[in-house]
Amino acid sequence: MIDKVTIYCSSSNSLPSKYYEETNKIGQLLAKENITIIYGGGASGLMGTLADSALKNDGKVIGVIPRFMKAVEWDHKGVNLMIETEDMAERKKILIEGTDAVIALPGGVGTFEELFEVLSAKRLGLFTKPIIIYNFEGFYNPIIEMLETCIEENFMGKQHRVIWTEVTRSEDLVGAIKNAPTWTESAIDNAKT
Ligand code: AMP
């Protein structure tokens with residue numbers, strides 16, 4: 001059963017409208033599935049849209065925000081639980097603690113940093129849950145291509161190909177989490193290329 005999912009996504013308020021519309025759909029979808037969202041706790045951008053949409057549909061939302069962001073009022077005021085952290089490093093750690101999966105929606109450098117940190121942790125066996133890259137309208141094509149190049153050129157082993165799952169339709173997100181290959185080998189075996 002999927003209980004909680006961590007979502008990484010953009011904090012920008014200036015994106016083309018299709019990104020907000022799609023994120024709104026995802027918030028609704030997760031709420032309908034009774035999946036608690038754990039996210040960066042922001043009120044802006046896709047983060048705000050996601051939280052608003054899930055809450056409007058009676059979903060449960062947990063925010064994890066560093067104190068310095070709360071001090072400048074970047075925090076969402078309506079979530080079910082807001083966890084304050086000392087810094088960004090603690091936030092990233094808490095965002096994935098006890099989660100059942102991670103989904104990266106479109107985002108900027110903050111989202112990429114979070115995504116790559118969790119990909120790297122999974123490669124080392126420090127994180128074992130599904131990591132879904134939501135490749136909405138090809139947004140993540142260059143990053144997926146880069147990851148594939150890493151495997152082709154042996155910067156990662158072929159066994160690392162299952163660390164992430166690419167999804168292109170929002171209705172496939174929950175199924176992709178359920179069907180993601182398990183990652184249970186030892187950290188040493190997984191780290192080998
Ligand atoms: P980005 O993908 O660059 O928009 O970054 C998203 C991530 O950046 C979030 O998870 C936060 O770590 C951080 N962030 C940047 N701006 C904000 C904001 N206004 N409110 C909350 N978090 C933000």
Side-chain angles (χ1 to χ4, degrees), residues 4-27 30 35-56 59-122 126-127 129-147 164-168 170 173 177:
K4 300 190 206 98
V5 168
T6 300
I7 314 264
Y8 303 137
C9 60
S10 170
S11 59
S12 171
N13 284 327
S14 311
L15 308 172
S17 58
K18 62 181 182 181
Y19 292 104
Y20 304 103
E21 288 156 15
E22 192 63 15
T23 302
N24 190 58
K25 254 168 67 181
I26 292 168
L30 295 173
I35 296 174
T36 297
I37 293 171
I38 310 173
Y39 85 117
S44 68
L46 300 185
M47 287 199 284
T49 302
L50 178 75
D52 288 345
S53 158
L55 292 167
K56 208 168 14 164
K60 202 164 163 237
V61 181
I62 301 174
V64 186
I65 200 157
R67 266 184 248 294
F68 79 90
M69 284 190 191
K70 193 151 188 251
V72 292
E73 302 273 335
W74 284 2
D75 57 313
H76 193 290
K77 310 290 192 241
V79 297
N80 303 97
L81 173 67
M82 185 67 83
I83 301 171
E84 286 180 43
T85 66
E86 265 329 302
D87 51 31
M88 296 290 278
E90 188 190 10
R91 180 207 222 182
K92 277 184 284 179
K93 189 165 156 258
I94 292 178
L95 275 168
I96 58 170
E97 251 170 33
T99 198
D100 295 312
V102 164
I103 302 175
L105 302 184
V109 285
T111 302
F112 299 160
E113 185 206 13
E114 291 161 342
L115 171 62
F116 277 97
E117 183 164 318
V118 82
L119 287 170
S120 163
K122 189 162 171 180
L126 304 171
F127 180 82
K129 302 294 166 64
I131 300 175
I132 311 296
I133 300 179
Y134 184 42
N135 192 15
F136 176 60
E137 296 196 356
F139 178 83
Y140 275 112
N141 281 348
I143 282 180
I144 289 169
E145 208 179 300
M146 191 71 235
L147 290 168
W164 70 90
T165 305
E166 176 192 2
V167 168
T168 55
S170 56
L173 285 169
I177 294 172

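As the structure lists them, so they are numbered: ligands from 1, and atoms in each ligand from 1.
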Using a strict cut-off of 4.0 Å, indicate which atoms of ligand 1 neighbour a heavy atom of Ser44.
18 (C), 19 (N)
Give the atom numbers and elements of ligand 1 that come within less than 4.0 Å of a heavy atom of Glu114.
9 (C), 10 (O), 12 (O)
Protein contact of atom 18 (C) of ligand 1 - nearest heavy atom, named by residue and atom, plus distance
Trp74 CE3, 3.2 Å
Identify the protein heavy atom lying closest to atom 8 (O) of ligand 1, giving its residue, its atom name and the separation to 0.1 Å.
Gly110 CA, 4.0 Å
Answer side chain, backbone, both or neither: which part of Ala43 comes under 4.0 Å from ligand 1, heavy atoms only.
neither
Provide the number and element of each atom of ligand 1 under 4.0 Å from a heavy atom of Gly107.
2 (O)
Distance to 0.1 Å, residue and atom name: give those for the protein heavy atom nearest to atom 6 (C) of ligand 1.
Cys9 O, 3.4 Å
Identify which one of Lys70, Arg91, Arg67 satisfies the salt bridge (charged side-chain N to carboxylate O under 4.0 Å, His left out) criterion when paired with Glu86.
Arg67
Between Gly108 and ligand 1, is there a nitrogen or oxygen pair with a distance under 3.5 Å?
yes
Among protein heavy atoms, which sits nearest to atom 21 (C) of ligand 1, and what does the distance come to when rounded to 0.1 Å?
Met47 CE, 3.4 Å
Is the shortest side-chain heavy-atom distance between Phe116 and Ile143 below 4.5 Å?
yes
Ser53 side chain to Asn24 main-chain N or O, any donor-acceptor pair under 3.5 Å?
yes
Where the closest heavy atom to atom 9 (C) of ligand 1 is concerned, which of Arg91, Met88, Met69 has it?
Arg91
Can you tell me the protein heavy atom closest to atom 2 (O) of ligand 1 and the distance?
Thr111 OG1, 2.6 Å
Sidechain N-carboxylate O distance under 4.0 Å for Lys93, Glu97
yes
Tyr134 side chain vs Ser170 backbone, donor-acceptor pair below 3.5 Å
yes
Among all protein heavy atoms, pick the one closest to atom 15 (C) of ligand 1 and tell me residue, atom and distance.
Ser11 OG, 3.3 Å
Looking at side-chain heavy atoms only, is the closest gap between Ile96 and Tyr8 below 4.5 Å?
yes
For Lys25, is there an ion pair with Glu22 - N to carboxylate O distance below 4.0 angstrom?
yes
